[in-house]
Amino acid sequence: MTIALEVKSLSKNFGGLKAIDDMSFSLDDGGFTALIGPNGAGKTTCFNLLSGVLEPSAGGMLLHGQSITSMPTHLRARQGMGRTFQIAATFRSMTVLENIEVALIAAKQDKFDATALLDELGIAEHTDHIITELAYGDIKRVELAMALASMPSVLLLDEPTAGMGANERLSIMELIARLARVRGTTVLFTEHDMDSVFGFAERILVMDQGQLIADGSPEDIRSNTHVQQIYLGDEATLDA
């Protein structure tokens, strides 16, 4: 199996605080992996390092074998990395179509693909709507469409179901999983909803206090006593 993304001894310090502490892992091409951990574990900091928002204090990253450690965000995007955020990053004063066209132009894709992309994401009916007119679940779909506009080979999704109800969470995760499978996209996602994690992830990475403390299949992680204690206390279990 070819490695899509490799993280080597990654660390990030904020003054005396070690937000990421000597973290290493790799993602195989086409894998669907969850990165979980309690609040403050370092998940978003890890994503910010991977996407180039932050510079590491130590360590490095390879995207398809090429070092991206010192590469700015826009160049990582051109090399095949896409990302969404906890709070959807869209142009709120623009229409849905205009948001997608901006993303396609930035990715040097044909803007006339915008309508097809909206249809693929199930939001074609909102083409001419201003972003602020949409329900939050649809805004998240627009952001996902913007991230997919560059045809990323590796997609980082930071809490893709945040702010959604149970039915919306299931719908968006099914959509993401289907699109990733069809496109052969490698996905790494953070998520607090354990139903989404255990229902869709093929592999789960667990962080605590900036360190990677577990890495395995959903079954392995569910039965890991250390993970159970970190999340829920000594007597609890992780139920999907």
Side-chain angles (χ1 to χ4, degrees), residues 1 3-14 17-51 54 56-61 83-87 140 154-166 168-170 172-174 176-177 180-181 185-240:
M1 183 70 73
I3 294 176
L5 179 67
E6 187 172 6
V7 176
K8 297 183 175 182
S9 301
L10 197 63
S11 296
K12 180 61 181 179
N13 304 330
F14 295 103
L17 173 66
K18 227 169 201 182
I20 302 293
D21 186 7
D22 195 29
M23 191 171 178
S24 297
F25 65 89
S26 61
L27 302 178
D28 290 336
D29 268 337
F32 205 86
T33 304
L35 176 65
I36 67 172
N39 288 332
K43 302 183 298 296
T44 295
T45 300
C46 178
F47 266 36
N48 286 339
L49 291 169
L50 296 179
S51 60
L54 294 174
S57 302
M61 297 154 281
R83 182 187 175 176
T84 66
F85 295 82
Q86 288 181 20
I87 300 174
K140 295 287 278 188
V154 175
L155 183 58
L156 309 177
L157 303 174
D158 198 350
E159 297 192 29
T161 72
M164 296 183 184
E168 282 184 307
R169 289 197 298 268
L170 177 61
I172 195 70
M173 288 305 299
E174 287 177 339
I176 292 167
R181 184 169 58 252
T185 308
T186 303
V187 173
L188 178 66
F189 71 99
T190 68
E191 189 54 69
H192 285 291
D193 178 62
M194 291 298 103
D195 287 338
S196 297
V197 170
F198 286 100
F200 291 92
E202 302 164 343
R203 174 187 172 200
I204 301 174
L205 307 174
V206 186
M207 291 185 68
D208 186 45
Q209 298 181 19
Q211 294 183 323
L212 188 63
I213 63 166
D215 177 357
S217 68
E219 293 76 18
D220 292 337
I221 299 302
R222 187 182 291 115
S223 61
N224 186 306
T225 55
H226 189 190
V227 174
Q228 292 173 7
Q229 291 169 8
I230 290 296
Y231 260 95
L232 301 169
D234 291 344
E235 303 301 324
T237 59
L238 286 169
D239 294 322

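Note: F47 CZ to L54 CG = 13.5 Å, rounded to the nearest 0.5 Å. To the nearest 0.5 Å, the span separating CD1 on I176 from OG on S196 amounts to 9.0 Å. The line from OG1 of T33 to CD of E202 is 7.0 Å long, rounded to the nearest 0.5 Å. Summarising the geometry, atom CG belonging to L5 is positioned 5.0 Å from atom CG belonging to L27; distances are rounded to the nearest 0.5 Å.
For D215, the side-chain hydrogen bond (donor to acceptor under 3.5 Å, both in side chains) test picks out R203, with sequence neighbours left out. Residues that satisfy the ring pair (Phe, Tyr, Trp, His ring centres under 6.0 Å) test with F189, not counting sequence neighbours, are F32. Every side chain to side chain contact (heavy atoms under 4.5 Å, CB included) that E6 has, sequence neighbours left out, goes to I3, K8, S26, L62. For F85, there are no ring pair (Phe, Tyr, Trp, His ring centres under 6.0 Å) partners, not counting sequence neighbours. Residues that satisfy the side-chain hydrogen bond (donor to acceptor under 3.5 Å, both in side chains) test with E219, not counting sequence neighbours, are S217. Applying the salt bridge (charged side-chain N to carboxylate O under 4.0 Å, His left out) test to D208 and every residue at least two apart in sequence or in another chain returns nothing. In this structure T44 satisfies the side-chain hydrogen bond (donor to acceptor under 3.5 Å, both in side chains) test together with Q86, D158, sequence neighbours excluded. With sequence neighbours excluded, the residues satisfying side chain to side chain contact (heavy atoms under 4.5 Å, CB included) with A162 are E159. For P56, the side chain to side chain contact (heavy atoms under 4.5 Å, CB included) test picks out L10, L49, M61, T69, with sequence neighbours left out. The side chain to side chain contact (heavy atoms under 4.5 Å, CB included) check on S223 picks up nothing, with sequence neighbours excluded.
Side-chain contact between V206 and I221: present, with at least one pair of heavy atoms (C-beta onward) separated by less than 4.5 Å. Residues T84 and K140 fail the side-chain proximity criterion, which asks for heavy atoms closer than 4.5 Å.
G37 and H192 make their closest contact through O-CE1, 4.1 Å (heavy atoms, listed as atom of the first residue, atom of the second, distance). Considering all non-hydrogen atoms of both residues, A34 and L188 come closest at C-CD1, 4.4 Å. In terms of heavy atoms, I204 sits closest to F198 at CD1-CE2, 3.7 Å. Shown here for T186 and G30, the closest heavy-atom pair between the two residues is OG1-N, 2.8 Å. In plain terms, the two heavy atoms of E191 and P160 that are nearest each other are OE1-CD, 3.4 Å.
Although no hydrogens or angles enter the test, the distance criterion places no donor-acceptor pair under 3.5 Å between the side chain of T45 and the main chain of A19. In terms of modelled atom types and a separation under 3.5 Å, the side chain of R83 and the main chain of L156 share no donor-acceptor contact. Without hydrogens or angle criteria, Q211 side chain to I213 main chain gives no donor-acceptor distance under 3.5 Å. Side chain of S24 to backbone of S9: a donor-acceptor contact under 3.5 angstrom is found.
Environment of CD in E168: crowded, with over 12 heavy atoms of neighbouring residues, nucleotides or ligands closer than 6.0 Å.
Identified under the salt bridge (charged side-chain N to carboxylate O under 4.0 Å, His left out) test for residues 20-49, with sequence neighbours left out: K18-D21.
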